[in-house]
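All remarks here apply to the structure that follows.
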Amino acid sequence: MKRFPLITLVFLAFACRQPASVEQFIAAPGPYAFALDLSDSTAVWDISLFSRVDALDAPAELALDVTWTAPSEAVFTETVYLLLQAGTSFFSHEACVPYRSGVAPSERGVWALTVTPVEPPTGLRGVGVVTKRQ
């Protein structure tokens with residue numbers, strides 16, 4: 001009976017760990033602004049983007065302007081394309097694709113990631129980001 005508090009503390013210590021991945025989703029119409037905590041200097045991250053379009057005439061790909069803002073306010077931009085695949089129904093199209101792998105920023109902290117669809121298609125349900133710690 002005296003070991004019960006010790007065992008409980010051990011289980012609580014493991015339960016309080018940071019999750020291996022964080023998924024964020026923002027429903028349409030946006031803005032799609034995400035805060036990514038890349039503070040840990042011992043970790044690297046894999047980042048994936050996902051989206052869904054519910055429309056019969058959905059485009060084959062979704063063009064996204066991606067803007068990274070560093071904790072020091074430095075800004076980096078690029079355009080990426082998500083290939084939409086058939087989804088759960090005949091009019092649903094989905095994408096969940098790796099965006100960056102092994103991200104180890106030289107500047108640690110909370111980064112702002114803003115995703116803007118270039119030409120948002122009818123039926124866009126939103127945009128999401130998965131950050132997986134390695």
Side-chain angles (χ1 to χ4, degrees):
M1 195 61 147
K2 291 181 181 182
R3 292 185 185 172
F4 181 72
L6 178 63
I7 293 171
T8 303
L9 287 174
V10 169
F11 282 121
L12 286 175
F14 284 107
C16 293
R17 291 188 342 193
Q18 186 176 20
S21 68
V22 175
E23 183 176 310
Q24 303 175 58
F25 179 78
I26 299 174
Y32 308 105
F34 305 93
L36 305 183
D37 186 359
L38 307 179
S39 300
D40 187 353
S41 62
T42 64
V44 296
W45 290 269
D46 292 338
I47 299 170
S48 298
L49 298 173
F50 65 95
S51 186
R52 180 175 171 163
V53 177
D54 288 337
L56 290 174
D57 59 344
E61 64 185 18
L62 184 60
L64 304 171
D65 286 337
V66 178
T67 302
W68 289 86
T69 305
S72 66
E73 303 297 322
V75 176
F76 309 91
T77 61
E78 65 181 328
T79 301
V80 298
Y81 299 87
L82 298 183
L83 295 177
L84 295 171
Q85 307 289 326
T88 56
S89 67
F90 71 94
F91 68 95
S92 179
H93 301 80
E94 301 172 345
C96 184
V97 296
Y99 166 57
R100 292 279 176 248
S101 179
V103 174
S106 59
E107 189 176 332
R108 298 303 174 140
V110 177
W111 285 67
L113 179 68
T114 305
V115 179
T116 307
V118 175
E119 294 180 21
T122 301
L124 178 66
R125 295 296 171 218
V127 175
V129 175
V130 178
T131 307
K132 184 175 181 183
R133 182 181 172 158
Q134 297 296 321

Checklist entry - Quick one: side-chain contact (heavy atoms from CB on, under 4.5 Å) partners of T42, sequence neighbours excluded? => result D40, R133
Checklist entry - Does a side-chain heavy-atom distance below 4.5 Å link L62 with P121? => result yes
Checklist entry - Side chains of L64 and T116: closer than 4.5 Å at any heavy-atom pair? => result no
Checklist outcome for this item: Taken to the nearest 0.5 Å, the spacing of T131 OG1 from I47 CD1 works out to 5.0 Å
Checklist entry - Within the distance-only criterion (no hydrogens, no angle test), does the side chain of D46 pair as donor or acceptor with the backbone N or O of G102 below 3.5 angstrom? => result yes
Next on the checklist: In this structure, would Y81 and L124 fall into the same cluster of hydrophobic residues linked by side-chain contacts under 4.5 Å?
Outcome noted: no
Next on the checklist: In the structure I gave you, are the side-chain heavy atoms of Y99 and V66 within less than 4.5 Å of one another anywhere?
Outcome noted: yes
Item to check | Between CD on residue Q85 and OG on residue S92, distance to nearest 0.5 Å | outcome: 11.5 Å
Next on the checklist: Show me the pairs that pass ring-ring contact (aromatic ring centres under 6.0 Å, His included) and involve residues 34-62, at least two apart or across chains.
Outcome noted: F25-F50
Checklist outcome for this item: Quick note, salt bridge (charged side-chain N to carboxylate O under 4.0 Å, His left out) partners involving residues 93-114, not counting sequence neighbours, are R52-E94, E78-R100
Next on the checklist: Is the shortest side-chain heavy-atom distance between L49 and V80 below 4.5 Å?
Outcome noted: yes
Checklist entry - How about P31 and T114: do any of their side-chain heavy atoms sit closer than 4.5 Å? => result no
Item to check | NE2-OG distance between H93 and S51, expressed to the nearest 0.5 angstrom | outcome: 12.0 Å
Checklist entry - Can you tell if the side chain of P117 reaches within under 4.5 Å of the side chain of Y32, non-hydrogen atoms only? => result yes
Next on the checklist: Listing request: all ring-ring contact (aromatic ring centres under 6.0 Å, His included) pairs with a residue in residues 114-134, at least two apart in sequence or in separate chains.
Outcome noted: none
Checklist outcome for this item: Residues pairing under side chain to side chain donor-acceptor pair (under 3.5 Å) where one sits in residues 56-67, two or more places apart or in two chains, turn out to be D65-T79
Item to check | T122 versus A55, closest heavy-atom pair with distance | outcome: O-CB, 3.4 Å
Next on the checklist: If you define the side chain from C-beta out and look only at heavy atoms, does anything of L113 sit under 4.5 Å from V129?
Outcome noted: yes
Next on the checklist: Listing request: all ring-ring contact (aromatic ring centres under 6.0 Å, His included) pairs with a residue in residues 113-134, at least two apart in sequence or in separate chains.
Outcome noted: none
Next on the checklist: Between L83 and F91, is there shared hydrophobic-cluster membership here, with clusters defined by ILVMFWY side-chain heavy atoms closer than 4.5 Å?
Outcome noted: no
Checklist entry - Any idea which heavy atoms bring P98 and S48 closest together, and the distance? => result CA-OG, 3.7 Å
Checklist entry - Tell me, do L36 and W68 make a side-chain contact under 4.5 Å, heavy atoms counted? => result yes
Checklist entry - Going hydrophobic residue to hydrophobic residue with side-chain gaps under 4.5 angstrom, can you get from L56 over to L84? => result no
